[in-house]
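These numbers were taken from a predicted model, which means no experiment stands behind them. Order of the sequence lines sets the chain letters (A, B, ...), proteins ahead of strands, with each chain counted from 1. The figures here come from the full heavy-atom set of this structure, side chains too, leaving out hydrogens, waters and symmetry mates.
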Amino acid sequence: MQTIIFALLALVSLFSAIMVVTRKNPVFSILYLVLTFFCFAGFYVMLGATFLAAIQILVYAGAIMVLFLFVVMMLNLREPEELEGKNTLWQTMGAVVAIGFGLLVLAFLGRSPGAGVPNFQPGEEAYVMGGAKALGKLLFTEFVFPFEIAGVLLLAAVIGAVALAKRKRV
Amino acid sequence: MPEIVAFLIEKTLVTIFVFIVVLTVVAFTTWIERIVAGHIQMRYGPNRAGPKGLFQVAADGVKFFMKEEFIPDRANKVLFVIAPTFTFMAAGFIMAVIPFGDRIMIGGREVLLQIADLNIAVLYVLAIGSLGVYGIIAGGWASNNKYSLMGGLRASSQMISYEIAMGLAIVALLLDHGTLSLRQIVLNQQGAIWHWSVFSHPIGFIIFYVAAFAESARVPFDLPEAENEIVAGYHTEYSAMKFGLFMFGEYVHMVLGSALIATLYFGGWSIPWVTAPEEPGLLWGLATFAVLWIKTYFFVFVYMWVRWTLPRFRYDQLMNLGWKRLIPIGVVNIFITAALLVVFQHLGIAG
């Protein structure tokens with residue numbers, strides 16, 4: 001059962017991820033990216049990280065992608081007629097990054113203990129660990145310093161955004 | 001019977017039951033809306049089709065299916081057709097976690113009158129609620145019409161603004177209840193009527209209700225379809241059942257939003273001063289079920305009442321109310337709630 005769901009999610013997420021980069025129309029890219037995020041949320045649920053799954057949909061699919069869509073529609077980006085020439089620098093960089101990540105995946109595949117689709121049941125420790133309560137406890141005890149640092153960083157970003165938006169145009 | 005089979009049968013039956021009840025009730029809500037509108041404007045409302053105009057619902061349904069399905073020439077056809085289903089699905093998914101009633105015992109088996117008692121139900125509702133706007137944006141963009149696009153843009157900015165206020169209101173509530181499960185929140189509000197969260201979180205309730213109004217995009221927050229500014233907003237180009245789905249989605253959103261308000265702030269299915277029997281039977285289940293719907297329909301009525309009373313906000317007023325009023329009040333509300341909770345804990349008073 002778990003394997004079937006995992007396979008389905010993996011297929012759909014791979015398909016939609018490929019669609020994201022191959023669509024010419026940015027609106028479709030964004031909608032496929034939303035589908036990809038949904039699949040990720042599904043993976044989180046299978047790993048027992050229910051809180052993370054909900055946040056994934058709430059923040060990424062529900063808010064950030066809406067903003068993306070907002071901007072794309074505001075600028076009314078259509079299918080570009082012709083890409084400006086062949087940009088070999090970008091293409092080389094893309095190839096390097098893709099190969100690098102491919103090697104990383106291969107390296108981790110070699111290290112994984114057994115063919116691993118985790119199979120947590122509700123109530124198991126790993127399952128409970130992903131819940132909101134366990135995560136909250138960890139964030140405010142063991143990882144309180146990184147958590148606060150992240151908070152301060154976000155605050156700085158918010159203030160920066162407001163300052164940029166408020167700046168008088170010359 | 002093995003446990004898994006019994007579980008599947010139970011959940012299938014509950015799901016079908018909830019689905020049919022919600023959709024039927026929502027269909028008749030359109031009739032209630034017309035009656036309420038009629039009486040507020042001192043006229044009768046629908047009274048031709050069937051007794052008290054009750055068959056008006058069926059007449060509307062037939063009309064939606066018989067009309068011409070029109071797709072604009074340069075519209076994006078795929079997106080244009082599937083956009084209304086986004087709105088409808090996102091609204092409908094919320095019914096999966098609403099506790100429609102207490103548990104009942106059938107043949108020694110405990111059956112929850114709720115499709116799924118998720119341990120992250122509150123977050124689930126917020127997450128799914130935020131997806132409804134995709135239908136509106138996609139529909140507005142795919143129509144290839146300036147007014148539709150403007151409706152879609154307005155919808156996206158409005159939803160994002162009011163979601164924050166809604167989330168802040170819920171955070172204060174969660175501080176008190178200490179759980180994300182909607183069933184547990186209802187259980188916490190059992191007993192005397194002043195156990196209802198609305199009495200301990202009046203400010204949070206007001207913020208939540210205003211935000212819920214804005215999220216359902218009804219008057220006075222129906223900027224996405226403001227007919228005297230942008231024709232009919234995102235559904236300008238929609239006709240027949242595709243328009244019907246948008247319309248129906250809005251009603252599902254309104255009814256389930258009201259059910260959520262009743263659950264979070266007004267004790268859900270719990271009946272004040274009545275405790276659940278030791279062996280809850282079908283009768284108890286039906287009683288709790290009815291109580292939730294009575295509470296829900298009070299809020300649905302308020303939705304309609306407001307719709308036919310207040311004028312529409314201007315766009316800048318809408319943004320000011322969201323960002324400069326509701327969000328700061330929401331943040332202060334969280335601080336006050338947290339401080340009071342700490343004080344009460346030190347004094348040894350629970351809740």
- request: Give, as side chain, backbone, both or neither, the part of B:Leu126 having an atom under 4.5 angstrom from any heavy atom of chain A.
  value: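 Interface part for B:Leu126: both.
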
message: Please find the pair of heavy atoms, one from B:Ala127 and one from A:Ala54, that lie closest to each other, and give the distance.
response: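 Looking at all heavy atoms of both residues, the closest pair is CB-O, 4.0 Å.
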
Per-residue contact mode, A:Val59 against chain B (heavy atom under 4.5 angstrom):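 Looking at A:Val59, nothing touches chain B.
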
field: Proximity breakdown for A:Leu31 and chain B, heavy-atom pairs closer than 4.5 Å
entry: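 Contact with chain B involves the side chain of A:Leu31 alone.
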
- prompt: Side-chain contact, heavy-atom cut-off 4.5 Å: B:Leu131 with A:Phe38?
  reply: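 The answer is yes, as the side chains (C-beta and beyond) meet within the 4.5 Å cut-off.
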
Flag if over 12 foreign heavy atoms under 6.0 Å of [atom1], [X]:
| X | atom1 | result |
| --- | --- | --- |
| A:Ile4 | CD1 | no |
| B:Lys146 | NZ | no |
| B:Tyr315 | OH | yes |
| A:Lys137 | NZ | no |
| B:Tyr147 | OH | no |
| A:Phe43 | CZ | yes |

message: Applying side-chain contact (heavy atoms from CB on, under 4.5 Å) to B:Tyr134 and A:Leu69, what does each step give before you reach the verdict?
response: CA-CA 9 Å; B:Tyr134 277 110; A:Leu69 210 52; 3.9 Å; yes

Step-by-step side-chain contact (heavy atoms from CB on, under 4.5 Å) determination, A:Phe28 to B:Leu79: CA-CA 9 Å; A:Phe28 278 101; B:Leu79 216 51; 4.3 Å; yes

field: Largest heavy-atom contact set with chain A, pairs under 4.5 Å, which of B:Leu123, B:Leu153, B:Ile164, B:Val78
entry: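 So the answer, after comparing B:Leu123, B:Leu153, B:Ile164, B:Val78, is B:Leu153.
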
message: Looking at chain B, which one of A:Ala63, A:Ala61, A:Ala53 has the largest number of heavy-atom pairs inside 4.5 Å, strictly under?
response: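 Counting heavy-atom pairs under 4.5 Å, the top option is A:Ala61.
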
